[in-house]
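Here's the structure we're looking at; comments come further down.
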Amino acid sequence: MQLQRLSIVLLTVAVTTTVTFAQIGRTGTQWLTALGNAQRTSWVSADDRISVAALSKPGFELQWKTKLDNAPRGVHGPGQGVTATGVTIFVPMSLVTGSSNTVYGVDNDLGYVVWKRKFEAALPPPAAGCPGGISGGATRIVPLNDTTTIRPPSDPGRGSAGYRSLIGKPGEGVPIEGRAAGPGRSSDPSTPPDPARGARGAAPAIEPARQQPPPVPSEQTSDRIPGSSPGAKTEAERTADAFGYGFLFRPSGVVYVIASDGMLHVLGLPSGKDMQRPAPFLPANASWSSPIAVGTTMYAATVGNCGGAPPGVRAIDLDSDAKPVVSWASDGGPVVGAVAFTSGGTLIASIGAGRVTGTGKSNAIVALDPKTLQLKDWFSDPAADFVTGPTILRHGEREIVAAASRDGRVWLLDAKSLGGASHGTPLHVSQTVLGAGAVVSADALAAWRAAASGSAAAALAGQQPAPATTAGGTSWILLPVAGRLASGMPSTNGTVATGAVVAMKLSDSGGTLTLAPGWVSHELASPATPLVVNGVVFALATGAPATPGGRGTPAVLHAYDGANGARLWTSGNTIATFASPGSFWPGYGQVYVGAQDGTLHAFGFNDERRHTSAR
């Protein structure tokens with residue numbers, strides 16, 4: 001009888017706590033892969049927390065910071081995280097790779113590590129150009145549309161898609177879901193949650209089966225993981241078995257990670273456990289750019305000849321038990337940055353300068369068949385020493401491929417015919433923005449388009465407006481630069497001597513494109529590829545490590561109005577050390593920065609969902 005009373009009390013606490021959370025709700029956009037989407041634009045078109053109007057007022061600040069136990073390898077610490085929601089009871093997560101063969105599931109609201117997965121593989125000493133360990137972020141399956149995946153609000157009274165209520169519709173009962181770990185709980189799945197934490201760690205219960213909500217468009221919601229046999233248990237069922245509980249789990253998907261030994265791991269989001277047998281993908285100790293999974297195939301570009309892997313692109317079939325791998329070698333220059341995809345599924349890659357053998361490519365942008373990786377089309381120019389991967393934006397009826405060359409020019413190509421009949425004719429090449437000694441400071445551009453009024457709001461309301469990339473407005477390309485800018489550049493935020501983000505405005509006159517600087521950020525030390533969230537440009541000065549000749553500089557985050565370059569906010573001296581390369585991503589009203597020492601910083605607005613004190 002006492003046990004029965006205790007169960008009733010615990011369930012009541014869980015339900016009561018949940019009602020409070022359900023009133024809050026949160027929409028937002030999932031960050032499914034490095035640089036945000038298949039087109040690698042680093043753009044979130046809609047967010048219900050971050051906007052120019054919101055950042056123009058006080059309240060955006062450090063929410064939490066958490067130190068991961070990843071041992072840095074040179075300047076490399078955490079990678080760029082990807083986000084997931086619907087995994088735990090309420091709280092979205094970031095899946096963050098660590099350079100020393102570790103993956104973390106981090107609670108986005110509180111910063112605690114829900115689970116950690118360490119891959120046991122030998123790590124060689126880091127070398128110049130070949131850091132070893134995990135050199136790219138994780139990825140989830142990414143849709144081919146040209147924006148990140150918006151999670152619209154759910155039905156009234158049930159919270160948001162990211163924060164589902166535990167109160168079902170009339171007659172549906174009380175759905176209870178599980179999570180791997182949390183404050184005061186073990187990361188070992190065999191350890192039950194602490195009932196004292198109420199809804200955040202609800203006691204196990206059994207609920208009759210009920211109808212699930214309809215799937216969210218453009219997001220993988222199928223129970224079956226690519227590669228599983230038709231009769232196999234779902235990821236949710238496997239996770240429930242691993243926990244040893246009999247309660248209901250909603251299918252929540254997987255994340256794909258490459259370990260330093262080149263093995264592909266398919267990890268369940270709630271627990272970090274292998275959902276499939278690991279499969280060989282890359283040579284051991286290779287170095288690769290951030291991978292991406294599209295449809296039932298995952299792709300990564302190998303760089304630096306590390307581990308004996310020649311420069312090129314590899315693809316692994318996720319839907320086959322055998323997990324076959326196909327590859328394309330550049331036979332020339334290195335693959336630069338991450339590969340991108342057109343909305344039709346063609347793979348686009350940038351190739352830098354190098355010595356060509358046979359029919360190899362250098363100083364080129366190539367288009368590859370997504371299944372066979374056979375060369376379909378290319379653009380090349382001896383003067384185009386590309387130093388960024390491709391970024392693809394839609395302008396009117398055209399998809400445009402943008403990439404920057406070493407001399408600071410931005411090249412625009414037609415995605416349907418990269419170089420025309422001659423393979424050497426671009427749509428436009430901008431003037432350089434670099435002064436003497438300056439360089440492009442990151443291997444990716446960012447791109448966004450100011451949507452026609454109402455498009456973002458309609459997207460958040462779950463409607464299907466015309467894509468933001470075609471519905472009027474202005475297209476922008478953002479170029480991060482280290483060093484002094486060329487003379488005659490806009491002085492929007494003062495003189496620049498050591499680096500800045502240059503916002504370049506795309507104009508179209510009768511089908512003829514031009515690209516020119518529109519505004520320039522404040523002086524930034526080695527800026528990363530910016531993020532654009534609902535019209536706000538977040539620019540990160542990554543800082544620099546200490547050297548025998550001088551002290552290092554810490555990272556600083558800034559927010560700008562994307563339309564005119566007015567600075568809205570800065571983190572000041574909040575971050576104590578320099579940023580890990582690429583460790584910079586947004587998610588559900590927050591922006592995250594990973595320092596080289598493993599410290600993650602989350603910036604956002606205080607609300608009822610988060611503790612207000614940083615740890």
### Query
Please walk me through it: do V335 and I351 pass side chain to side chain contact (heavy atoms under 4.5 Å, CB included)?
CA-CA 5 Å; V335 179; I351 312 298; 3.9 Å; yes
### Message
Run the side chain to side chain contact (heavy atoms under 4.5 Å, CB included) test on V96 and W585 for me, step by step, so that the C-alpha distance in whole Å, both residues' side-chain angles and the decisive distance to 0.1 Å come before the verdict.
### Response
CA-CA 10 Å; V96 185; W585 72 97; 3.8 Å; yes
### Query
Going through the distances and angles, do Q80 and S290 end up as a side chain to side chain donor-acceptor pair (under 3.5 Å)?
CA-CA 9 Å; Q80 185 172 113; S290 293; over 6 Å; no
### Message
Show, in sequence, the C-alpha distance, side-chain angles and deciding distance for Y104 and R117, and conclude whether the side chain to side chain contact (heavy atoms under 4.5 Å, CB included) test is met.
### Response
CA-CA 6 Å; Y104 304 85; R117 178 67 188 278; over 6 Å; no
### Task
Mind running side chain to side chain contact (heavy atoms under 4.5 Å, CB included) on R398 and L427 for me, showing each step along the way?
CA-CA 11 Å; R398 286 190 293 192; L427 294 175; 3.7 Å; yes
### Task
Starting from the C-alpha separation in whole Å, work towards a yes-or-no answer on side chain to side chain donor-acceptor pair (under 3.5 Å) for N70 and S99.
CA-CA 7 Å; N70 175 76; S99 54; 3.1 Å; yes
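Looking at Y299, its side chain never comes within 3.5 Å of a backbone N or O of V294 through a donor-acceptor pair. Although no hydrogens or angles enter the test, the distance criterion places a donor-acceptor pair under 3.5 Å between the side chain of Q596 and the main chain of G74. The backbone N or O of G272 sits nowhere less than 3.5 Å from a side-chain atom of K116 that would complete a donor-acceptor pair. Checked by atom type and distance alone, the side chain of D443 never pairs as donor or acceptor with a backbone atom of V336 at under 3.5 Å.
For the atom pair S289 OG and R40 CZ, the distance stands at 7.0 Å (nearest 0.5 Å). From S260, atom OG reaches atom CH2 of W288 across 6.5 Å, with rounding to the nearest 0.5 Å. In this structure, F379 CZ and N363 CG are separated by 9.5 Å, a value rounded to the nearest 0.5 Å. In this structure, the separation between CD1 on I258 and CG on N101 is 11.5 Å, given to the nearest 0.5 Å. Between the CD1 atom of I134 and the CG atom of D261 there is a distance of 9.5 Å, given to the nearest 0.5 Å.
A 4.5 Å side-chain heavy-atom check between S42 and V532 finds every atom pair outside the cut-off. Considering only heavy atoms from C-beta on, L515 comes within 4.5 Å of L412 through its side chain. Between W115 and K273, the closest side-chain pair of non-hydrogen atoms is not below 4.5 Å. Here the side chains of S287 and P131 are in contact, with some heavy-atom distance below 4.5 Å. Looking at L368 and L375, their side chains come closer than 4.5 Å, going by heavy atoms from C-beta outward. Counting heavy atoms from C-beta on, the side chains of L264 and Y256 come closer than 4.5 Å.
The aromatic rings of F386 and W411 stand perpendicular to each other, their planes meeting at an angle above 60°, with 30° marking the opposite boundary.
Salt bridge D407/R409: present, at least one basic N to carboxylate O contact under 4.0 Å.
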